[in-house]
Amino acid sequence: MSSVRNVVIIGSGPAGLTAAIYAARANLKPVCVEGFSVGGIAGGQLMITSTVENYPGFPEGITGPDLMAKWKAQAERFGTEIVSSDVVKVDFSKRPYKVVCEDGKEIFSNAVIISTGAKAKWLHVPGEKELESKGVSACATCDGYFFRNQDVCVVGGGDTAMEEALYLAGLCKSVTVIHRRQEFRASRIMIERAQKHPKIKWMLDCAVTAVRSQGEGHQEQIAAIEVQNLRTGEKIVHPTQGLFVAIGHEPNTQLFKGILDMEETGYLKTVPGTTRTNIEGVFASGDVQDHVYRQAVTAAGTGCMAAIECERWLAANDLLVH
């Protein structure tokens, strides 16, 4: 049983690496399987974020990749073993639990912390991917500050879209909500709040069909969106300085279907106030179990919680491997 580890952490975003730092400092000798769930790269959603200005401790801001590089170096400094692979299978039916990597490597562990995160749903229209972080965003709380006193658009018809629009209306010159139908999935109170706001405009029965840019290289930015009226077929070019896609997020939980309890939307269920799942010794932290806040700082907080709960659970059950 000497090959059995104390804890394996699945995911290397803010939650996973924070869990790794705390677990390593508690002498749990954690293994962190990085995963490549966002854009084929490890490190989570911050790896496709150009500038982070709302993470405490960086008054001048920092790029997402630079922040994650520091996080990873800190985890490694305290002895975290980083495995550069994806997890393709887990077996939580008996302890030690088994985690199987894409390269065939099997890791046995008495506890598991799941930090596989989530990814934004995108429109998949021409120009959208190329202009991510160049005026196209999926997080108003993260990026809205960069669009102060500018004209922006929000795509979506649920509560998230209304929340994004109202948040942006407090910063921007105008916000145009684009939705495919006349009816909304959002709650009535959120719709009424958005409809009453003087800065929020509406383009209903409409869909964004392309995103246009101006400038080249590092200077390239969004300039306009192409919009089609789905009732009349009419197409227009709508100038905008920002496009916020708010059609939902998808948690990276396919691995755990039929194994762990989930919400209807796929987010892992945890015991309120904890990171515990329905299986003893399996914890979940970060965006994989948080559909409300979805911020690096909150993900890091739950990563810390998971590591502390994990260490206490291992000790209480006399499962610590030294």
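This one's a predicted model, so the numbers in the text were calculated from it and none came from an experiment. Counting begins at 1 with the first residue of the sequence.
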Hey, are the side chains of [X] and [Y] touching, using non-hydrogen atoms and a 4.5 Å cut-off?
| X | Y | result |
| --- | --- | --- |
| Glu311 | Val7 | no |
| Glu226 | Lys235 | no |
| Thr253 | Val288 | yes |
| Tyr97 | Val90 | no |
| Leu17 | Thr80 | no |
| Asp290 | Thr302 | no |
| Lys199 | Val175 | no |
| Ile9 | Ser115 | yes |

Hydrophobic cluster identity match, [X] and [Y], side-chain contacts under 4.5 Å:
| X | Y | value |
| --- | --- | --- |
| Val100 | Val87 | no |
| Ile114 | Phe283 | no |
| Met162 | Val155 | no |
| Val154 | Phe146 | yes |
| Leu171 | Val136 | no |

Quick one: [atom1] on [X] to [atom2] on [Y], what's the gap to the nearest 0.5 Å?
| X | Y | atom1 | atom2 | result |
| --- | --- | --- | --- | --- |
| Leu28 | Tyr22 | CG | OH | 13.5 Å |
| Phe78 | Gln74 | CZ | CD | 5.5 Å |
| Lys89 | Cys101 | NZ | SG | 13.0 Å |
| Glu102 | Ser84 | CD | OG | 11.5 Å |
| Ile62 | Leu67 | CD1 | CG | 5.0 Å |
| Ile222 | Ser213 | CD1 | OG | 9.0 Å |

Is a side-chain N or O of [X] found less than 3.5 angstrom from the main chain of [Y], in a donor-acceptor match?
| X | Y | value |
| --- | --- | --- |
| Gln241 | Asp151 | yes |
| Glu128 | Leu123 | yes |
| Ser109 | Val8 | yes |
| Arg148 | Tyr145 | yes |
| Asp143 | Ser137 | no |
| Asn252 | Thr116 | yes |
| Asp261 | Asn278 | no |
| Ser12 | Glu34 | yes |
| Asn6 | Val321 | yes |
| His179 | Glu183 | yes |

Grab the two heavy atoms, one from [X] and one from [Y], that are nearest each other, plus how far apart they are.
| X | Y | answer |
| --- | --- | --- |
| Ala300 | Tyr55 | CB-OH, 3.8 Å |
| Asn110 | Arg95 | O-CD, 3.3 Å |
| Val177 | Gly156 | CG1-O, 3.8 Å |
| Cys206 | Met203 | CB-O, 3.8 Å |

Practice problem: In sequence, state the C-alpha distance, the side-chain angles, and the governing distance for Gln221 and Lys134, and then conclude on side-chain contact (heavy atoms from CB on, under 4.5 Å). | Solution: CA-CA 5 Å; Gln221 287 289 321; Lys134 296 180 179 180; 4.1 Å; yes
Practice problem: Would you please classify the geometry between the Phe256 ring and the Phe92 ring as parallel, tilted or perpendicular, with 30° and 60° separating the classes? | Solution: parallel
Self-check item: Steps toward side-chain hydrogen bond (donor to acceptor under 3.5 Å, both in side chains) verdict (Thr270, Thr275)
Solution: CA-CA 5 Å; Thr270 51; Thr275 61; over 6 Å; no
Quiz item: Taking NZ, NE, NH1 and NH2 as the nitrogens, is one of them in Glu81 or Lys29 under 4.0 Å from a carboxylate oxygen of the other?
Solution: no
Quiz prompt | Distance under 6.0 Å and angle within 45° of ring axis: Arg181 vs Phe184 | solution = no
Distance alone, cut at 3.5 Å: any donor-acceptor contact between the side chains of [X] and [Y]?
| X | Y | result |
| --- | --- | --- |
| Asp287 | Gln45 | yes |
| Gln228 | Thr209 | no |
| Trp202 | Gln195 | no |

Tell me whether the count of non-hydrogen atoms from other residues, nucleotides or ligands lying under 6.0 Å of [atom1] in [X] goes above 12.
| X | atom1 | value |
| --- | --- | --- |
| Arg294 | CZ | yes |
| Glu216 | CD | no |
| Gln182 | CD | yes |

Self-check item: Which residues share a disulfide bond (SG atoms under 2.5 Å apart) with Cys142, sequence neighbours left out
Solution: Cys139
